[in-house]
Amino acid sequence: GGNRLLFDGQIFAYGGKDTLKQRQLLQFIKSRFKKFIVTYDLDAHEEIDPILRSMALVRDKDYFAIGRESSGRKCIEGLLPDSVFQSVYSSNVDLVQKLSSGVSKDVKGAKSSLKKLYIDEFKRTVLPESDGFKGFYGLARKINKMIAN
C-alpha cells in the first residue's frame, strides 16, 4: 500500500558490517550509481558511522542505522513486534538457551535459526497495515523521502 518502499533500483547485499569498513569498495560502489543508500544494523553504528561520514555521507539521508535503541533490538529484527519474539521464544526454548551458552558456535547457530523463525512467524501472523509493520513503514518513509529528493 501507501507505506511501501518506492524503490526502482539495484540492491547490493553486502554480507555484513565488515564490508562497510572497506572505504574504497564503498567509494567504488557509490560511483556506479546516481543515488546511493546504505543500511546497517544499529549495533554496528559506532564502527560504521565514522567511515560513512568520512565519505561526506549524512546519517538519515544517505545511510540508515536500523533497529531500536534497546538491548537486543539494535538490528533489523528489532523492528519486529514483541508478539513475534514471544511466539518464537516460547516454541523454541532450546534455541533461546543456546544464546547464553558461551559457546560461540552454538550462539551463532542459534541466532541464525532464530532469525529464520522470526521471519516465518512475522509472515504467518502479522498483517500488512497493522501496527506490526510500524517500524518497517517508518524506515520505508525515510528512504522514500531520500529517494524523492
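Remember, it's a predicted structure, so these values are computed and weren't measured experimentally. Just so you know, these numbers use all the heavy atoms, side chains as well, and skip hydrogens, waters and symmetry mates.
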Is it true that, when you exclude [X] itself, more than 12 heavy atoms of the residues, nucleotides or ligands shown sit nearer than 6.0 Å to its [atom1]?
| X | atom1 | answer |
| --- | --- | --- |
| Lys35 | NZ | yes |
| Gln97 | CD | no |
| Glu46 | CD | no |

Step-by-step side chain to side chain contact (heavy atoms under 4.5 Å, CB included) determination, Ile66 to Tyr40:
CA-CA 6 Å; Ile66 301 173; Tyr40 57 89; over 6 Å; no
Are Ile147 and Phe7 side-chain neighbours, meaning at least one heavy-atom pair lies under 4.5 Å?
yes
Is any side-chain heavy atom of Lys98 closer than 4.5 Å to a side-chain heavy atom of Val107?
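Lys98 vs Val107: side chains apart.
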Please tell me whether [X] and [Y] are part of a single hydrophobic cluster in this structure, the criterion being side-chain heavy atoms less than 4.5 Å apart.
| X | Y | answer |
| --- | --- | --- |
| Phe33 | Met146 | no |
| Leu114 | Leu79 | yes |
| Ile37 | Phe136 | yes |
| Leu117 | Phe85 | yes |
| Ile76 | Val38 | no |

Nearest 0.5 Å, please: how far is CG in Asn144 from CG in Leu6?
4.0 Å
Going from CG on Leu42 to NZ on Lys74, what distance comes out if it is rounded to the nearest 0.5 angstrom?
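Going from the CG atom of Leu42 to the NZ atom of Lys74 covers 6.0 Å.
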Which heavy atom of Ser113 sits nearest a heavy atom of Leu95, and at what distance?
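Heavy atoms only, the tightest pair is CB-CD1, 3.8 Å.
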Minimum-distance pair of heavy atoms, taken over all atoms of Cys75 and Gly72
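It is SG-O, 4.4 Å.
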Looking only at atom types and distance, does a side-chain atom of [X] sit under 3.5 Å from a main-chain N or O of [Y], one as donor and one as acceptor?
| X | Y | value |
| --- | --- | --- |
| Ser87 | Ser83 | no |
| Thr39 | Phe64 | no |
| Ser112 | Gly109 | no |

Taking ring-ring contact (aromatic ring centres under 6.0 Å, His included) as the test, write out the residues that go with Tyr137, two or more places apart.
Phe133
With sequence neighbours left out, which residue pairs that include part of residues 21-34 fulfil the salt bridge (charged side-chain N to carboxylate O under 4.0 Å, His left out) condition?
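Passing the test, one end in residues 21-34: Asp18-Lys21, Lys21-Glu47.
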